[in-house]
*Asks:* 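Here it is, the structure in full.
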Amino acid sequence: MDLTFLIATSIKIGLFFTIVLTFVAYSVYAERRFSAIIQDRVGPNRTMIPTSILGFKNDLKLPLGGLTQPIADGLKFILKEDFTPGHVRKSFFWLAPCMTMVPSLITIAVIPFMSPIAWDNGETTISGAIADLDVGPLFIFAVSSLAVYGIAIAGWASNSKYPFLGGVRASAQMISYEIALGLSIIPVLLVFGDLNLNRIVQEQSANGWLLLPLWNEAGMIWQSSYWENGGAQRWLLWIPMVLAFIIFSISIFAETNRTPFDLAECETELVGGYHTEYSSMKFALFFLGEYAAMVVGSALIVTLFLGGWSLPFGLDGLLVDDGAFPLWASLLHMGVFLSKVVVFILFFILVRWSIPRFRYDQLMRLGWVVFFELALINIVLTALLIAKPTLDKQGPNVFWISMAGLAVFSALMFLLAKTVDEIVGPGKRTAPKSSPATAS
Amino acid sequence: MSVVKLKRPELSVSDKLTLPALFKGFLVTLGHAFRSLKGKSRGAESLNGSGLGVTMQYPEQKWDEQMPDYYRGVPALVTDEQDRERCVSCQLCEFICPPKAIKIVPGEIPNEDPWAKVEKRPKEFDIDMIRCIYCGMCEEVCPEQAIFLRKDYAVTGTSREQMVHDKDKLYEIGGKRVGLVNKWNELK
Ligand code: SF4
Ligand code: SF4
């Protein structure tokens with residue numbers, strides 16, 4: 001615990017916290033502008049800096065395109081009356097908003113925002129994450145799923161029916177998708193053989209992003225050395241990786257409670273869902289918690305599947321100076337990382353304005369019948385593909401026999417899931433046995 | 001009439017897999033986004049869009065040219081070609097007005113007045129524009145065709161008092177109606 005570490009960590013905490021909060025604020029703005037553009041509208045484009053309330057003659061009319069809108073929004077939330085209805089359970093009512101916002105913010109601790117910086121002439125390296133944990137993804141799952149307590153408690157403490165339904169829905173949904181989420185990244189961790197997010201990114205920087213293995217340590221895809229160095233193996237593994245990516249991203253959507261999975265707060269059925277009774281800054285905390293979860297989710301997807309802070313095509317190698325990255329390279333990497341996150345946030349927004357909400361039983365079936373099984377099968381598939389060289393040594397057909405076994409296993413899994421779903425699944429309410437009473 | 005049997009379109013494989021169908025949806029929304037950014041959204045021209053989507057940006061752009069003939073703006077009183085107030089303060093409009101926006105103080109026309117035969121004219125005629133819902137009932141009910149809904153829409157004020165149109169203001173907006181005034185053939 002030396003001084004450099006302390007200072008560096010406090011700087012990182014301040015910096016990353018500010019970055020994430022800015023991202024949260026501006027993703028609200030981006031959501032409003034992007035949705036407007038999708039719907040042939042304009043969106044908030046004329047918020048100005050109100051210098052007139054400071055005693056100047058006119059407002060400062062800068063062509064900002066409404067970029068000061070988040071500040072105005074924030075001010076509005078702070079100045080609004082914070083109303084607590086009389087029928088709520090006070091202490092929990094106050095606790096709930098914090099419990100949704102805080103977990104999302106804690107999870108940024110393990111995400112590497114930039115490459116490790118060499119310090120003291122390479123004596124020490126400062127990690128790009130606030131806490132360079134060796135169990136990064138596990139930490140994120142453990143903490144981020146706490147957010148559902150916030151929602152469930154909000155629903156319960158509000159002491160009224162719509163929030164309650166919202167809270168119940170949120171918890172059921174979170175449990176279902178937490179499983180798919182956890183299972184879907186096991187293949188990824190199998191490939192990397194590591195749980196440290198920073199090392200995962202470094203690995204991707206050298207050997208190609210998980211979804212874009214176009215280069216590895218030996219060279220580019222069009223060079224023969226690439227193929228001699230296990231390129232074919234990477235492309236074979238690419239199939240389960242894409243599957244994992246799809247399951248993981250969709251589960252992240254469900255985890256962050258965004259459309260098409262925003263059943264916990266769907267306006268059409270539940271008024272506002274779990275935050276119906278909330279107003280002012282407490283509502284804002286829920287609102288921003290959702291966006292913070294979205295930012296962290298995007299950051300996690302980018303880190304695991306799209307190379308985190310690394311540049312494509314092994315360009316990072318050019319930046320290395322004395323076996324480590326200088327400060328400017330790390331800052332460049334941070335820019336790269338943040339732009340990838342921005343792209344993903346825009347994708348989140350696009351999805352929200354393109355896809356209608358799921359019906360609740362469809363949501364449950366998707367989670368339990370499709371994703372749960374797919375993620376399980378994906379693990380076995382990845383394991384087999386990784387073990388292929390070893391299996392081939394044991395006999396020419398061992399690999400294919402195991403693949404056939406996997407096929408049978410998958411068929412059985414889906415059959416089982418379907419049968420169970422037919423019998424007890426949601427939306428499969430059996431008709432009453434007796435014939436309906438007739439009016440006499 | 002012969003019966004034409006229509007075949008319900010079947011879900012294709014890509015529809016059943018959901019994911020390709022979702023991407024089709026993304027293409028639709030992204031297409032809108034691109035067209036909107038280029039200022040080529042469908043209908044942008046006829047709606048006089050500002051260049052981003054089809055929206056007209058209000059204080060800079062006004063929709064006076066696009067305004068339909070049937071537009072109901074602020075209610076106003078009119079005089080006839082001899083500058084006589086058409087309103088006879090029968091108070092029908094005051095009673096029909098759903099939000100009770102109109103307040104009339106009827107007055108008698110003195111005997112020496114050339115229009116003494118008309119007998120009555122409003123002494124005061126206030127329409128509270130905060131209450132008015134622009135329904136046009138007053139125009140419809142008026143037996144003298146004295147009150148009309150004009151095309152003005154930008155009614156602003158900094159206090160409640162300013163939002164009450166008194167008689168002078170109403171005549172100023174309404175102006176003079178000449179020729180055959182018939183409330184059913186629109187002549188605004
Ligand atoms: S338009 Fe309707 S609401 Fe307005 S003054 Fe006339 S009757 Fe009343
Ligand atoms: S405006 Fe027409 S309806 Fe209203 S008081 Fe005058 S004459 Fe009667």
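For clarity, every value in this text was computed on a predicted model and none was experimentally measured.
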*Asks:* Does Asn111(B) have more than 12 heavy atoms from other residues, nucleotides or ligands lying within 6.0 Å of its CG?
*Replies:*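 12 or below, so no.
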*Asks:* Check whether more than 12 heavy atoms from other residues, nucleotides or ligands sit under 6.0 Å from atom CD of Glu119(B), and answer yes or no.
*Replies:*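 Count not over threshold, so no.
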*Asks:* With sequence neighbours excluded, tell me which residues meet side-chain contact (heavy atoms from CB on, under 4.5 Å) with Pro114(B).
*Replies:*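 Residues passing side-chain contact (heavy atoms from CB on, under 4.5 Å) with Pro114(B): none at all.
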*Asks:* Quick one: pull up CZ in Phe34(A) and CG in Leu30(B) and give me the separation to the nearest 0.5 Å.
*Replies:*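 CG of Leu30(B) is found 5.5 Å from CZ of Phe34(A).
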*Asks:* To the nearest 0.5 Å, tell me how far Ser354(A) OG sits from Lys24(B) NZ.
*Replies:*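 Nearest 0.5 Å value for the OG-NZ distance: 14.5 Å.
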*Asks:* Return yes when atom CZ of Arg46(A) has more than 12 non-hydrogen atoms of other residues, nucleotides or ligands closer than 6.0 Å, and no otherwise.
*Replies:*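 Yes, because the 6.0 Å sphere around CZ of Arg46(A) holds more than 12 heavy atoms from other groups.
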*Asks:* State which residue, out of Val351(A), Ile349(A), Ile38(A), fulfils the side chain to side chain contact (heavy atoms under 4.5 Å, CB included) condition with Thr29(B).
*Replies:*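 Result: among Val351(A), Ile349(A), Ile38(A), Ile38(A) is the only option passing the side chain to side chain contact (heavy atoms under 4.5 Å, CB included) with Thr29(B).
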*Asks:* Does any heavy atom of chain B fall under 4.5 Å from the side chain of Ile355(A), the backbone, both, or neither of them?
*Replies:*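 Side chain only.
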*Asks:* Ser36(B) side chain to Ile37(A) main-chain N or O, any donor-acceptor pair under 3.5 Å?
*Replies:*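 Side chain of Ser36(B) to backbone of Ile37(A): a pair is present.
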*Asks:* If you apply the rule side chain to side chain contact (heavy atoms under 4.5 Å, CB included), what do you find for Gln57(B) with Asn45(A), and how did you get there?
*Replies:* CA-CA 10 Å; Gln57(B) 302 206 33; Asn45(A) 68 336; 3.1 Å; yes
*Asks:* Using a cut-off of 6.0 Å, state whether more than 12 heavy atoms not belonging to Glu60(B) lie near its atom CD.
*Replies:*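 It does: Glu60(B) CD has more than 12 such atoms within range.
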